[in-house]
Amino acid sequence: MAEHAARHAEPGVASDAWTGLARPLERALGKRTANAFAAMGIHTVGDLVMHFPFRLGHRGQLMPIAAVSEGEDVTVIARVLTATLRPMNTRRGFILTVRITDGVRDLALTFFAKNQRPLQYHERRLTPGTVATFSGTISTYRGEFQLTHPDYEVVDDEPDVAKIEAPIPIYHANAKLPSWQIARAIATVLPQLSEDDFPDPLPEEYRRAQHLPGKYHAVLALHHPTDDAQWKRAVQRMKHEEAFVLQTALASRRAQAKENTAPAFPCRRGGILDAFDARLPFKLTAGQRHVGDEIAAELAGAIPMRRLLQGDVGSGKTVVALRAMLQVVDAGGQAAFLVPTEVLAWQHYQTIRTLLGPLARGGELGSSEVATRVEILTGSMGAQARRQALAHIASGEAGVVIGTHALLSDNVQIPFPGLTVIDEQHRFGVDQRTVLASGVHELVMTATPIPRTIAMSVFGDLDVSTLRELPSGRAHVSTTVVPVSKRAWMDRVWERVAEEVRADGRVFVVCPRIDKDSADETEGSSDVVPAEGAPEMPIASVAETVEFLRRTLPQIAVGQMHGRLTGEEKASAMERFINGETPILVSTTVIEVGVDVPDATCMVILDADRFGLSQLHQLRGRIGRGSRPGVCLAVTGAADGTAARQRLEAFAETTDGFALAEKDVELRKEGDVLGASQSGRTSHLRFLSVTRDDAIIRVARQAARHAVEASPTLAAYPALAGAVAALDQDRAEYLERA
Ligand code: ADP
Ligand code: MG
């Protein structure tokens with residue numbers, strides 16, 4: 001409680017813990033009510049008045065029943081059609097059945113009691129024609145929705161004429177605290193507060209320019225609007241506030257980062273970068289060249305680079321990163337390449353060593369003078385290999401170090417750190433980033449195209465570069481959704497797999513699970529999807545699918561890959577797949593990110609409905625990376641027309657990651673967009689939608705940057721400084737819990 005009190009004691013407010021927003025609810029409303037609110041996480045007057053209605057109801061205007069579903073806590077405004085009181089058939093006691101309607105759909109209410117008395121009370125109040133607000137939890141009885149013992153408040157009873165005109169705020173409520181009780185509690189505490197209790201984080205000039213009400217007036221209007229328009233203005237204002245505070249926090253962080261210095265790595269002619277460019281087997285795309293120049297210029301300066309490189313799967317980010325690392329090596333620095341999985345670490349290690357050829361053999365006899373060493377460091381490495389790698393890193397010989405989280409461990413000493421590259425950032429928690437990034441340049445890469453506004457909100461402290469084109473000569477991947485119930489189609493799937501193998505292709509078969517008793521393997525998943533509309537069937541597992549394929553295609557060797565294998569087992573499974581010993585690889589989503597097998601031409605995704613759109617896109621990005629066209633077969637038991645099926649149809653329709661990202665935003669609920677690991681940053685956004693409030697975010701971002709420029713410590717904006725501090729505090733708490 002003390003913590004809560006402290007949080008609301010913003011600067012400029014008398015911070016006596018028992019007054020204003022910090023006042024414990026128990027003092028304001030009594031113990032019983034306070035306890036009920038405590039269950040909702042509401043402890044202080046401040047918490048309570050910041051519990052805003054999520055919508056408005058209107059007297060004389062009914063609220064739709066149509067949208068309710070079982071188990072849901074609902075509040076509807078409806079008219080009573082009939083009320084019937086009768087003895088129960090099979091038990092002693094009485095039942096009152098009330099039918100209510102919103103004009104389109106009906107809903108049954110039931111009240112039970114031992115004797116008639118209490119039921120007669122309800123019957124008298126709920127006469128036909130009465131309009132009331134009802135809330136309760138929806139249950140089903142004989143296939144029909146109903147509310148049992150709902151709380152209700154008769155709307156027409158309201159004596160105050162002005163209030164009859166006013167909209168009714170509807171609060172998120174629970175069984176113990178129906179919406180109107182919350183409204184009453186707020187009506188009790190609000191008059192005891194004044195404008196001084198609500199320091200406004202929005203600078204006055206911003207408010208004036210945007211025609212926004214002050215904080216206090218917005219809070220009043222949110223709870224007790226005189227009309228819809230006033231409420232909407234207040235909502236707009238809160239959106240601006242959230243956007244502005246967040247953007248200020250990001251701008252401050254960015255400004256602070258730029259105040260640090262990082263070592264400068266000017267380009268050097270005739271070094272390893274030039275030697276590498278000379279032996280590159282392909283021509284850089286225009287995008288790679290352009291982004292490469294941007295990065296090169298930043299590395300040459302002493303202001304630490306903070307850059308997000310987003311580019312669709314297969315757009316060639318690795319080469320861009322490698323060239324940046326080589327520029328650092330040329331100037332005597334070391335570069336760390338951080339990746340989310342062991343599989344990917346080994347893959348990058350091999351790729352980079354291959355691309356570098358003799359340039360990766362620094363220190364060996366007869367090697368080129370400009371050559372460097374490439375080291376790998378992962379958690380599952382043997383003690384001796386680890387010791388050697390650490391030694392080469394600590395001596396500065398290793399210019400390029402690739403690794404998983406193991407790189408973050410204390411005993412890794414990088415004496416000349418210059419650049420950190422983080423690959424597939426969406427797979428790390430947002431905040432792991434900050435661990436590495438002090439005093440070095442930072443390049444963050446992601447293949448999950450991020451809609452612009454989200455990029456601005458989540459990565460607002462980074463500069464964004466985008467690779468839009470894929471290297472030419474990249475083959476096309478076509479996708480087909482295959483209903484698992486169609487036997488002939490399924491037979492054709494496995495025939496097709498055999499054909500691909502005969503043509504010397506490689507085939508991934510992706511399953512959600514490792515074996516039939518395990519849960520979906522989420523190690524590799526960037527977004528776990530509620531399987532709405534998904535069939536109730538056994539979920540495909542790696543173990544069972546391997547067995548199945550050995551029976552069905554006995555002439556083809558099948559390998560497997562999943563999160564329970566050791567690092568070495570994974571690496572060797574990958575190697576056998578690449579060299580064709582086991583041209584079919586049955587795998588969980590551990591192959592989701594980054595893995596590059598040019599001969600992979602076909603992917604079968606079993607129970608594809610269990611994966612999110614961006615994850616499917618990542619998976620599909622593993623094939624068609626060579627010159628031969630790829631085919632992706634998304635097998636599903638989801639019925640036509642379900643949300644799960646819709647998502648798969650969208651997936652089959654386009655291979656454009658940006659289009660899919662937009663579609664994803666459309667199909668998924670707001671909070672899911674960033675994935676669970678990234679939602680921490682947005683948990684404090686109650687009004688602002690990072691996907692829809694593009695215009696507000698833009699305006700706020702620009703103004704916030706000005707504010708930080710004008711007053712780097714925010715001393716000129718005490719209320720804003722307080723809000724930013726509270727935000728950082730929330731973030732810190734979130735991190736501690738995570
Ligand atoms: P991602 O952006 O998904 O990480 P990669 O960096 O793994 O993509 O690149 C995918 C493949 O494309 C690799 O095999 C890489 O060698 C190849 N590649 C990269 N750039 C080019 C280019 N300019 N022309 C042809 N192939 C390229
Ligand atoms: Mg990659």
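All ligand and atom numbering here is 1-based and tracks the order in the structure. Worth knowing before you read on, the calculation uses all heavy atoms, side chains too, and leaves out hydrogens, waters and symmetry mates. As the structure is a prediction and not an experimental result, all values here were calculated from the model.
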Exercise. Under 4.0 Å from any heavy atom of Thr285, which atoms of ligand 1 are there?
Worked result: 23 (N)
Exercise. Within the side chain of Glu500, is there an N or O that forms a donor-acceptor pair under 3.5 Å with the backbone of Val497?
Worked result: no
Seminar exercise, completed: So the atoms of ligand 1 within less than 4.0 Å of a heavy atom of Thr318 turn out to be 4 (O), 5 (P), 6 (O), 7 (O)
Exercise. CG of Leu326 to CG of Leu355: how many Å apart, nearest 0.5 Å?
Worked result: 10.0 Å
Exercise. Is there a heavy atom in Ser315 that sits closer than 4.0 Å to ligand 1?
Worked result: yes
Seminar exercise, completed: Quick note on ligand 1: atoms under 4.0 Å from a heavy atom of Lys283 include exactly 22 (C), 23 (N), 24 (N)
For this session: Considering non-hydrogen atoms only, spot the tightest contact between Asp607 and Ala540 and give its length.
Result: OD2-N, 2.6 Å
Exercise. Using heavy atoms and a threshold below 4.0 Å, how should the contact between Asp423 and ligand 1 be classified: side chain, backbone, both, or neither?
Worked result: neither
Seminar exercise, completed: Leu284 heavy atoms within 4.0 Å reach ligand 1 at atoms 23 (N)
Exercise. Hey, is ligand 1 close enough to Gly316 that some N/O pair sits below 3.5 Å?
Worked result: yes
For this session: Just jot down the ring pair (Phe, Tyr, Trp, His ring centres under 6.0 Å) partners of Phe651, sequence neighbours excluded, or say none.
Result: none
Exercise. Hey, is Pro598 one of the residues with a heavy atom under 4.0 angstrom from ligand 1?
Worked result: no
For this session: Considering only NZ, NE, NH1 and NH2 on the basic side and carboxylate oxygens on the acidic side, decide whether Arg645 and Asp609 come within less than 4.0 Å.
Result: no
For this session: Please list, chain by chain and in numerical order, all residues satisfying side chain to side chain donor-acceptor pair (under 3.5 Å) with Ser368, sequence neighbours excluded.
Result: none
Problem set entry | Charged N-O contact under 4.0 Å between Glu298 and Arg307 | yes
Exercise. Of all the heavy atoms in Thr351, does at least one lie under 4.0 Å from an atom in ligand 1?
Worked result: no
Exercise. So, is Gly311 polar-close to ligand 1, with some N/O to N/O distance under 3.5 Å?
Worked result: no
